[in-house]
A.B. asks: 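Below you will find the structure I want to go over with you.
Chain A is the first sequence line, chain B the second, and so forth, proteins listed ahead of strands; every chain is numbered from 1.
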Number of protein chains: 2
Amino acid sequence: MLKGVLPLLLLRLVSDAEDYGYSLVLRLQELGLADLNEGTVYPALSRLESRGLLGSRLVPSTTGPARKYYEITPAGAAELSGGVSAWESLARTVHSVLSPATSARNQR
Amino acid sequence: MLKGVLPLLLLRLVSDAEDYGYSLVLRLQELGLADLNEGTVYPALSRLESRGLLGSRLVPSTTGPARKYYEITPAGAAELSGGVSAWESLARTVHSVLSPATSARNQR
DNA sequence: CCCGGTACCTGGCAAAGTCAAGTAGCTGCC
DNA sequence: GGCAGCTACTTGACTTTGCCAGGTACCGGG
């Protein structure tokens, strides 16, 4: 399970430069999320769009059907930055619990 | 959302020393998971027990109803160690995607 | 002309967390 | 004695979200 960070990852990738679903799937797979499925990503993108965090436009491709490029909206950027801090905070907490005394001791 | 790390946190806390649900809720809240609810923790503990990762016994208390103490099983310990590496791997991946743009300035 | 790669969508499912409420033992206060 | 309030666990309905499977469709090459 991706534990709900997927939307965050998508926002982040798209915030660099607009991109389309299929490409995002491939990028995430290469980043180490090998068993990530299209059936997971596309709905996630749709949700983000319907929440107004992403915008999209169709662009014809010469190598296949039209691609749906997504770009981040201001609301999406806000969500992203809030989400990143939430994630960092959670990750720190989890790490401090999971890792034995060595690091748990001088964590804040 | 705690996104699936909760079982891991519980296994970890219990692996230190056996403990009961209510106490675990309080400990996790103090660790920074303030909006964590009993309704989240108790079912999570039950699931872990039904999967054979935790064992339990009832112990009468002088300050209220009997407490259900959980202790980790060998299977639970295995699950824990596997889960920790999975988490750390995921965390690393997520961090590497998220970090680049969120300038290093508001890191810890 | 069909196959394989590109590209998207959908519906049904299951796991896990949230919310809300309920049950019940215990202490202390009036 | 009764009630408030803390302790402690349980349960049910609901929602999100990821997983799986399948479907549609455009394209180039053998």
Side-chain angles (χ1 to χ4, degrees), chain A residues 1-11 13-14 18-30 32-51 53-70 79 83 86-87 90 93-94, chain B residues 1-11 14 18-30 33-51 53-70 79 83 86-87 90 93-94:
Chain A
M1 252 210 181
L2 277 181
K3 293 128 205 253
V5 277
L6 180 59
L8 221 48
L9 296 178
L10 292 174
L11 286 174
L13 290 178
V14 168
E18 64 175 356
D19 203 355
Y20 59 99
Y22 192 76
S23 164
L24 289 166
V25 172
L26 296 181
R27 289 174 68 191
L28 287 171
Q29 286 175 346
E30 280 164 19
L33 306 172
D35 42 355
L36 187 63
N37 199 304
E38 296 174 32
T40 297
V41 174
Y42 290 128
L45 287 169
S46 297
R47 264 176 256 134
L48 291 171
E49 184 176 18
S50 74
R51 289 175 55 199
L53 307 180
L54 291 180
S56 71
R57 65 194 173 91
L58 282 175
V59 177
S61 162
T62 61
T63 63
R67 299 167 173 174
K68 194 166 183 180
Y69 277 84
Y70 290 94
E79 175 83 5
W87 159 262
L90 176 67
T93 300
V94 171
Chain B
M1 250 207 182
L2 278 180
K3 295 126 200 202
V5 275
L6 179 59
L8 222 48
L9 295 178
L10 293 174
L11 285 174
V14 168
E18 64 175 355
D19 203 355
Y20 58 99
Y22 193 76
S23 165
L24 290 166
V25 172
L26 296 181
R27 289 174 69 190
L28 287 170
Q29 285 174 348
E30 280 164 19
L33 307 173
D35 40 356
L36 187 63
N37 200 304
E38 297 174 33
T40 297
V41 174
Y42 289 126
L45 287 170
S46 297
R47 263 177 259 133
L48 291 172
E49 186 177 16
S50 74
R51 288 175 56 199
L53 308 179
L54 291 181
S56 71
R57 63 194 173 94
L58 282 176
V59 177
S61 161
T62 62
T63 64
R67 300 166 173 175
K68 195 168 185 179
Y69 277 83
Y70 290 94
E79 174 83 5
W87 157 263
L90 176 68
T93 300
V94 171

A.B. asks: Roughly, in whole Å, what's the span from CG in A/Leu53 to P in D/dT17?
C.D. replies: 11 Å
A.B. asks: Rounded to the nearest Å, what distance is computed from the CG atom of residue B/Leu26 to the C1' atom of nucleotide D/dT7?
C.D. replies: 9 Å
A.B. asks: D/dC9, OP1 or OP2 - any side-chain N/O from B/Tyr22 closer than 4.0 Å?
C.D. replies: no
A.B. asks: Under the criterion side chain to side chain contact (heavy atoms under 4.5 Å, CB included), I'd like the reasoning laid out for B/Arg57 against B/Arg67: C-alpha separation, chi angles, the key distance, then a yes or no.
C.D. replies: CA-CA 8 Å; B/Arg57 63 194 173 94; B/Arg67 300 166 173 175; over 6 Å; no
A.B. asks: From D/dC26, D/dA8, C/dA16, pick the nucleotide closest to the side chain of B/Tyr20?
C.D. replies: D/dA8
A.B. asks: Do A/Leu26 and A/Gln29 come within less than 4.5 Å of each other through their side chains, counting heavy atoms only?
C.D. replies: yes
A.B. asks: Do A/Val94 and B/Leu8 touch side chain to side chain, with heavy atoms closer than 4.5 Å?
C.D. replies: no
A.B. asks: Whole Å only: how far is the CG atom of A/Leu2 from the P atom of D/dT16?
C.D. replies: 19 Å
A.B. asks: Under a 3.5 Å cutoff on both atom distances, Watson-Crick or G-U, what's the dot-bracket for DNA chain D ([ ] crossing, | other strand)?
C.D. replies: ||||||||||||||||||||||||||||||
A.B. asks: Would you say D/dC26 has OP1 or OP2 under 4.0 Å from some side-chain N or O of A/Arg67?
C.D. replies: no
A.B. asks: Does A/Asp19 reach the side chain of A/Tyr70, with side-chain heavy atoms less than 4.5 Å apart?
C.D. replies: no
A.B. asks: For B/Thr62 and for A/Ser61, locate the closest nucleotide of DNA chain C by heavy-atom distance; then report the residue assigned to the nucleotide nearer the 5' terminus.
C.D. replies: A/Ser61
A.B. asks: Calculate the interatomic distance between B/Gln29 atom CD and D/dT7 atom C1'; express it in whole Å.
C.D. replies: 13 Å
A.B. asks: Should B/Thr63 be listed as having a side-chain N or O under 4.0 Å from OP1 or OP2 of D/dC6?
C.D. replies: no
A.B. asks: Please examine the side chains of B/Leu9 and B/Leu24, heavy atoms only from C-beta on, and report whether any two atoms are closer than 4.5 Å.
C.D. replies: no
A.B. asks: In this structure, how many angstroms lie between the C1' atom of D/dG18 and the CG atom of B/Leu90, rounded?
C.D. replies: 13 Å
A.B. asks: Considering just the side-chain nitrogens and oxygens of B/Lys68, establish if one lies under 4.0 Å of OP1 or OP2 belonging to D/dT10.
C.D. replies: yes
A.B. asks: A side-chain contact here means heavy atoms from C-beta on lying under 4.5 Å apart; do A/Lys3 and B/Leu2 qualify?
C.D. replies: no
A.B. asks: In whole angstrom, give the distance that lies between atom CG of A/Leu9 and atom C1' of D/dG18.
C.D. replies: 13 Å
A.B. asks: For the pair made of NZ in B/Lys3 and C1' in D/dT16, what is the distance, rounded to whole Å?
C.D. replies: 11 Å
A.B. asks: Measure CZ/A/Arg27 against P/C/dT6 and give the value in whole Å, please.
C.D. replies: 16 Å
A.B. asks: Could you identify which residues of residues 35-46 of chain A place a heavy atom less than 4.0 Å from some atom of DNA chain D, listed by residue number, or say none?
C.D. replies: A/Gly39, A/Thr40
A.B. asks: Could you measure the distance from the OG atom of B/Ser56 to the CG atom of B/Leu48? Nearest 0.5 Å is fine.
C.D. replies: 11.5 Å
